Amino acid sequence: MNVATAPAADLIIRDALIWGTDGPKDLAISDGRYVGAGEANSAGAEIIDAAGRLCIPGFIEPHIHLDKVLLADSVPVNRSGSLGEAIDILGARKAAYMVEDIAERAGRIITSAITNGVTHMRTHIDVDSACGLIPLDALLDVRARYAEVIDLQIVAFPQLGIVGDPGTAALLEQAMARGADVVGGMPFNEAGPAESAEHIRIAFEIAAAHDADVDMHIDESDDPNARTLEILCAATIANGLQGRVTAGHTCALAAYDQDYADRVLDMVAEAGIHMIANPATNLMLQGRDDDHPKRRGLTRVKELLARGVNVSFGQDNLRDMFYPFGRDDPLELALLIAHAAHMSQPDEIEAVFAMPTVNGARVLGLSDYGTAPGSAGDLVILDARTAAEAITGTVDRNYVIKRGRVVAQTETRTTHRLPMPGA
Ligand SMILES: [Zn+2]
């Protein structure tokens with residue numbers, strides 16, 4: 001290819017160590033997509049020297065609730081610390097929901113997430129009789145306004161149930177028609193197994209009508225009798241939706257006896273369900289009624305991985321009535337899940353790092369995630385050489401690049417004003 005026909009690179013990244021590859025190489029982005037670095041015309045391109053630092057095609061946040069973030073200061077304290085009390089507090093707060101307020105809070109957290117290297121995000125937003133489509137209106141506005149800097153998927157989430165909250169099925173249908181991307185669900189929040197199955201059936205029907213994926217909150221409970229994951233697996237297989245269904249939380253899976261757990265784990269693998277762990281919130285919310293030993297609410301991460309199931313993780317809630325901390329930093333969550341899931345060996349740490357990167361991309365169905373020619377021109381340069389180093393230090397995301405443009409640049413500097421012994 002000669003210079004006249006070579007694609008004109010807008011951005012060249014030199015000496016980039018792409019996670020999972022053997023050594024550093026150069027990358028080129030033209031018109032928002034990767035092109036072969038050796039073929040690109042670099043005249044006029046911005047040049048970034050990655051200097052052998054670790055690079056990823058962006059962190060994926062697959063499970064957050066942007067309509068609820070930052071509500072902590074405007075609601076009563078969750079005294080029990082439990083999921084149930086959080087939902088009760090939220091119910092009262094929803095009466096005061098306003099589109100502008102939700103959009104402003106969501107925007108602040110999106111900015112924080114981008115600084116942390118998040119290039120794609122999937123947010124659940126409540127759709128129910130209490131708040132109607134107000135959160136949807138807010139997030140449709142946010143998705144449009146932030147479209148240049150982040151890709152946002154919206155899940156219509158019936159937190160109060162579908163069967164148990166009359167009118168919600170119609171609201172879900174409206175939400176999908178107006179631009180929500182994914183049909184959500186919370187089938188355990190129904191009166192019993194028959195209603196849970198009906199909840200899933202209705203959600204699948206709406207998803208089919210819109211050719212949409214399904215992403216449900218499943219068995220977010222310590223109760224070993226919370227068994228809607230099994231129903232979800234069966235429905236996924238029956239509808240031929242392998243690979244298009246995601247289950248978040250699945251805390252009860254950790255509370256099942258081993259025989260039943262093995263059966264359900266096999267079903268999850270057969271159904272090709274993507275699994276999302278939520279280590280921050282479920283460590284905080286679950287086990288509140290237990291005496292010692294306390295259950296810790298984390299799903300069976302290693303057993304799922306051992307069966308070849310795609311596992312990712314998300315922030316879930318952030319500085320609200322569910323969870324008082326968080327800045328939507330995938331490295332912070334990686335450190336948490338490595339502890340909670342006992343993932344300490346070198347290959348296990350690499351498996352943790354896959355969760356908010358390649359695994360998350362599979363959850364969101366991203367076909368152009370990566371740095372191969374033709375892929376979306378997203379890249380995050382981390383101030384680290386290895387995944388373990390990145391997680392250990394929750395290191396700076398030196399550059400966050402979206403479709404070939406630098407969105408954020410961070411360099412934290414510490415000056416030791418007294419000499420460090422040995423230095
Ligand atoms: Zn959630």
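Both ligands and their constituent atoms are indexed starting at 1 by order of listing. Hydrogens, waters and symmetry mates play no part in the numbers below; they use all other heavy atoms, side chains included. Quick caveat: nothing in here was measured; it's all calculated off a predicted structure. All residue numbers in this chain count up from 1 along the given sequence.
- Here CG of Leu253 is found 8.5 Å from CG of Asp219. Values are rounded to the nearest 0.5 Å.
- For the Zn ion (ligand 1), the set of nearby N, O or S atoms under 2.8 Å includes none belonging to His124.
- Residues forming a ring pair (Phe, Tyr, Trp, His ring centres under 6.0 Å) with Tyr146 (at least two apart in sequence, or on another chain): none.
- Coordination check, Glu220 versus the Zn ion (ligand 1): failed, since every N/O/S atom of the residue sits at 2.8 Å or beyond.
- Nearest N/O/S atom of Asp316 relative to the Zn ion (ligand 1): this is OD1.
- With respect to the Zn ion (ligand 1), His65 has NE2 as its nearest N, O or S atom.
- By the 4.5 Å heavy-atom criterion applied to side chains, Asn398 and Leu382 are not counted as neighbours.
- When only modelled atom types and interatomic distance are considered, Ser312 and Asn359 share no side-chain donor-acceptor pair under 3.5 Å.
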